[in-house]
Amino acid sequence: MTERKPRKDAVRNRAAVFAAADALFAGCGSPEEVTMADIATAAGVGKATLFRAFGDRTGLIHALYEARLEPVWSAVEQGPPPLGPATPPLQRVPALLDAVLCFKLDNRHLALALEGTGTGSPYGTEHYARWHALLRDLLQGVPGLADSGFTAHALLAATRADLVAYLAGEKDAHREQMRDELARFTTAVLGARAGGAASEPVAIR
């Protein structure tokens, strides 16, 4: 049985909703300000259409975040070094963290909105569990690390959306400064085995 393709109007509506939500989250003072009614109005669709497609605001945020993150995951799962699976752990771990940081800088308010949808904690979100599992498994191949699970948590804590927003906003830290500081922190955590400053940005299409 062939998989049924979405109708053209449904695909068009979804793209319009994502574009509207992107713009609203990018321009808001706080993610909590953006409502389903705001998104429906900006996208030119009915609020009922929005709820049918995504269930609720949390479902819409998850769908939008996953759509925006898909190119990053594609590079991680099947791309070339330094993000791809053929990269040794000591080079891949810093590259993965740099990619997470850059993504959150580019999607700051969306990332804040997503981390606010966990079950009482940003650590309860599906995307966090996915990043943590990947880093934990990679860190198991790094000699001298006693607890790869805890180390993965500690490294990801440096890329939390609220911290990224604070540093980039209130502290006015520049993008390259933040990337360099994260690279140095990662090197320190890995016992100076990784070496080097932030790598060149990975081109993700």
Side-chain angles (χ1 to χ4, degrees), residues 18-34 39 57-77 79 82-84 92-136 138-139 151-190 194 197-205:
F18 282 174
D22 264 338
L24 288 168
F25 279 119
C28 70
S30 169
E32 288 77 20
E33 296 174 4
V34 180
I39 295 170
R57 183 176 180 275
T58 296
L60 190 154
I61 290 170
H62 275 267
L64 175 57
Y65 194 91
E66 288 302 317
R68 297 299 177 250
L69 191 61
E70 194 279 330
V72 179
W73 273 117
S74 179
V76 168
E77 292 174 344
L83 290 180
R92 197 179 184 203
V93 168
L96 290 170
L97 291 165
D98 184 61
V100 173
L101 174 62
C102 290
F103 179 83
K104 290 188 177 180
L105 283 168
D106 293 337
N107 300 273
R108 201 175 310 167
H109 285 100
L110 176 60
L112 280 171
L114 181 75
E115 290 190 0
T117 65
T119 53
S121 164
Y123 309 109
T125 58
E126 182 180 348
H127 86 281
Y128 182 87
R130 193 176 181 188
W131 281 115
H132 179 265
L134 175 61
L135 286 172
R136 180 200 62 212
L138 286 170
L139 290 167
T151 304
H153 281 305
L155 291 170
L156 284 171
T159 68
R160 272 185 55 125
D162 54 355
L163 176 61
V164 171
Y166 171 73
L167 293 175
E170 294 186 37
K171 302 298 286 185
D172 198 27
H174 295 293
R175 183 188 188 92
E176 294 309 310
Q177 176 190 351
M178 293 174 67
R179 294 180 66 226
D180 286 342
E181 288 173 350
L182 177 61
R184 285 195 293 272
F185 173 67
T186 305
T187 297
V189 170
L190 296 179
S199 60
E200 287 299 311
V202 178
I204 298 171
R205 298 282 185 264

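A quick note: this is a predicted structure, and the numbers were derived from the prediction, not measured.
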**Request:** Please round to the nearest 0.5 Å and tell me the distance separating atom CD of E33 and atom SG of C28.
**Result:** 5.5 Å

**Prompt:** Is there any salt bridge (Lys or Arg N to Asp or Glu O under 4.0 Å) pair reaching into residues 151-166, and which pairs are they, with sequence neighbours excluded?
**Reply:** R160-D162

**Message:** Checking the side chain of D98 only, and the main-chain atoms of P94 only, is there a donor and an acceptor separated by less than 3.5 Å?
**Reply:** no

**Request:** State plainly whether the residues D22 and R68 are in salt-bridge range, i.e. N to O under 4.0 Å.
**Result:** yes

**Request:** State, with a plain yes or no, whether a side-chain heavy atom of L135 is found less than 4.5 Å away from one of T151.
**Result:** no

**Request:** Would you check if N107 and L114 make a side-chain contact, meaning some heavy-atom pair closer than 4.5 Å?
**Result:** no

**Message:** Check for me whether the distance between the ring centres of Y65 and F25 falls short of 6.0 Å.
**Reply:** no

**V76 and W131, any side-chain heavy atoms less than 4.5 Å apart** = yes

**Message:** Quick check for you: to the nearest 0.5 Å, what is the distance between Q177 atom CD and L182 atom CG?
**Reply:** 12.5 Å

**Message:** Ring-plane angle category for H153 and Y128, please: parallel below 30°, perpendicular beyond 60°, tilted otherwise.
**Reply:** parallel

**Prompt:** Can you tell if the side chain of M178 reaches within under 4.5 Å of the side chain of V164, non-hydrogen atoms only?
**Reply:** yes

**S74: side chain to side chain donor-acceptor pair (under 3.5 Å) partners, not counting sequence neighbours** = Q78

**R108 (side chain) donor-acceptor with A161 (main chain) under 3.5 angstrom** = no

**Spacing of CZ belonging to R184 relative to CD belonging to E181, to within rounding of 0.5 Å** = 5.5 Å

**Request:** Check whether NZ of the Lys or CZ of the Arg R130 lies under 6.0 Å from the centre of the six-membered ring of W73 and within 45 degrees of that ring's axis.
**Result:** yes

